[in-house]
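Any value given below was found using the heavy atoms of this structure, including those in side chains, with hydrogens, waters and symmetry copies removed. Numbers for residues simply follow the sequence, beginning at 1. Model, not experiment: these values are computed from the prediction.
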Amino acid sequence: MESQKSEPNQNKGGSVARGAFLFGMGTMTSRVAGFIRDVLVVSVFGREVTDAWYTAFKLPNMFRRLFGEGALSVSFIPVFVETQQQGDEAEIQRLINGVMSLLLLLIFFMITLGLVFMEPIIDLWVGGKTGFGEVPGKIENTVLMARVSLFFLFFILMFAYFMAILNGLKKFGLSGLAPVFLNIALIGGALYADFSDSKNVLILPIAALIGGALQAGILIPDLMKQGYLPRPSTHIFNRRVRQVLKALGPSLVGLGIVQMTGIVNFRFASFLEQGSITYLNVADRLLELPLSLIAVSLQTALLPTLTDYFSRGEKAKMASTANHYLRINYFLAVPSAMGLFMLGQEIVEVLFVWGKFSKEEAMISGQLLKVYAFTLLTAAGIRIMSQSFYAMKNTLLPAKVSAISFFVHIGMAFYLTDVYGLLGLVIASLITASLNFTMLSFLFRRNVGSLEFAVLVKRVAGYFVCGLPIIAIGFAFGPLTESISDSRIFKALALFLSIGLSGLAYFAIAHMFSFPEYHEVSRSLLGKIKRKLKR
């Protein structure tokens, strides 16, 4: 009997791992394209333009993260899954059409307000008398770019909703890959500006609109195939839509506060030297690749599974599943954090020092990245913990935790930025992220079950032991490459070889210790490769 009971759970775990892998591969492809995009942007345009662009695009990008990676999915998917389980197709259509109509109203409202009030918003945000506001024309360019970028909201919210529907159906691959079209469009815009020697600041926001349309549009055929393409409806506030709204409010507050941390960081950075916003964005971009591959991918695939368990009252399985995927998160996050800390400076130099982005600027971004690297450990945990509360339709507790962390962050940012400058801002982010994870873990224990932290800490310590070769390679990289050659191509090849050797050494030691997480990750990877080869 025991083996029969465990089989469904194993199937669920395998489903989560496969879904996470598919979404992760798509997301990783998009992040790589994002690297190329940002390398081109910072090398083609000067810091007065890149600071303005990253500030202008921060507002619609905040809604991308808020809805695309958060609030819409966590409030819609549990209701969607529950409605599916009841098998009422008419009610499912009323749900997806009602939410679509609400989103269209929200988009119209936000774009109208943004067009009218964008100038005072930007002036209040970064328009101080020192730093950002001192450069002639910088505020005006930011306002112009931000107004055009507002229309990106329509495409990104449609994409977020289409993705939520597909993820609720456990269709993950295309949703992860779709954002690559935004990056391709921005790459095209940067190349056009470079080859045509154009100084028009609207090139980037127009490219973003084209990319956003492609990103949302590519999901439409899949939705039509599944029979769940949403349409506007006058029957908005039905019972299921009200359930989504009830969860959406607190989740918007909670995840919105997390996104506000980025807004606050830009505010503090705007008072520092020109380029500070760009340096912060470069470090954040490098952090996003492992974070999206690890935490975002797992959380996206995990939510429908946790929702299934909760709907059946199986809290023990919820705790077991959360614990299991926390270990997988840390198994992948620990070597990523160690690698970024040891080789972060070299990674920034190899990838970003082109055109107008100098080696001195790379040093600043590299220092930020070294501190940012360890937010991988807390971010991975926060996302898994949050999914458990969202699966229970309890979006209020994560919102309260985010609010506490946010106000602590502001206080620490004031002090640490004054003492350490831009680096202090990143240190404040790391400390408050750690506080957020600690509080969520305590609440999880009270509401769901034990995470077996003693076992988890021992396992994570083992992962750090597996990562010792990463430290050795990091210490040897600089002196060794400088003594052999100063060639840029040689350094790039040496860097990628070092990263590859570090990864192989880590996995080899994990295999020697026979960590279960190693076997699961390798099985998922090899299984996907075998399925591809058979096609």
Going by salt bridge (Lys or Arg N to Asp or Glu O under 4.0 Å), name the residues that satisfy it together with R327, two or more places apart in sequence or in a different chain. E517
Might you work through the ring-ring contact (aromatic ring centres under 6.0 Å, His included) test for F513 and Y518, ending with a clear yes or no? CA-CA 9 Å; F513 286 153; Y518 161 79; over 10 Å; no
Inter- and intrachain pairs under ring-ring contact (aromatic ring centres under 6.0 Å, His included), touching residues 412-449, at least two apart: F268-F414
Compute whether any side-chain donor of one residue and acceptor of the other, for D38 and Y54, lie under 3.5 angstrom apart. yes
So H511 and H519, would you call those rings parallel, tilted or perpendicular, with 30° and 60° as cut-offs? perpendicular
Are the ring centres of Y330 and F464 closer than 6.0 Å? no
Parallel, tilted or perpendicular: which fits the ring planes of F507 and F331, with parallel below 30° and perpendicular above 60°? perpendicular
Residue pair L214, L182: steps toward the side-chain contact (heavy atoms from CB on, under 4.5 Å) verdict: CA-CA 7 Å; L214 293 171; L182 170 64; over 6 Å; no
Can you tell me how far CG of L343 sits from CZ of F475, rounded to the nearest 0.5 angstrom? 11.0 Å
The salt bridge (Lys or Arg N to Asp or Glu O under 4.0 Å) partners of K58 (sequence neighbours excluded) come to none
Please check if any side-chain donor atom of T432 sits under 3.5 Å from a side-chain acceptor atom of S405, or the reverse. no
Ring centres of F152 and F57 under 6.0 Å apart? yes
Does a donor on one side chain and an acceptor on the other come within less than 3.5 Å for S270 and R267? no
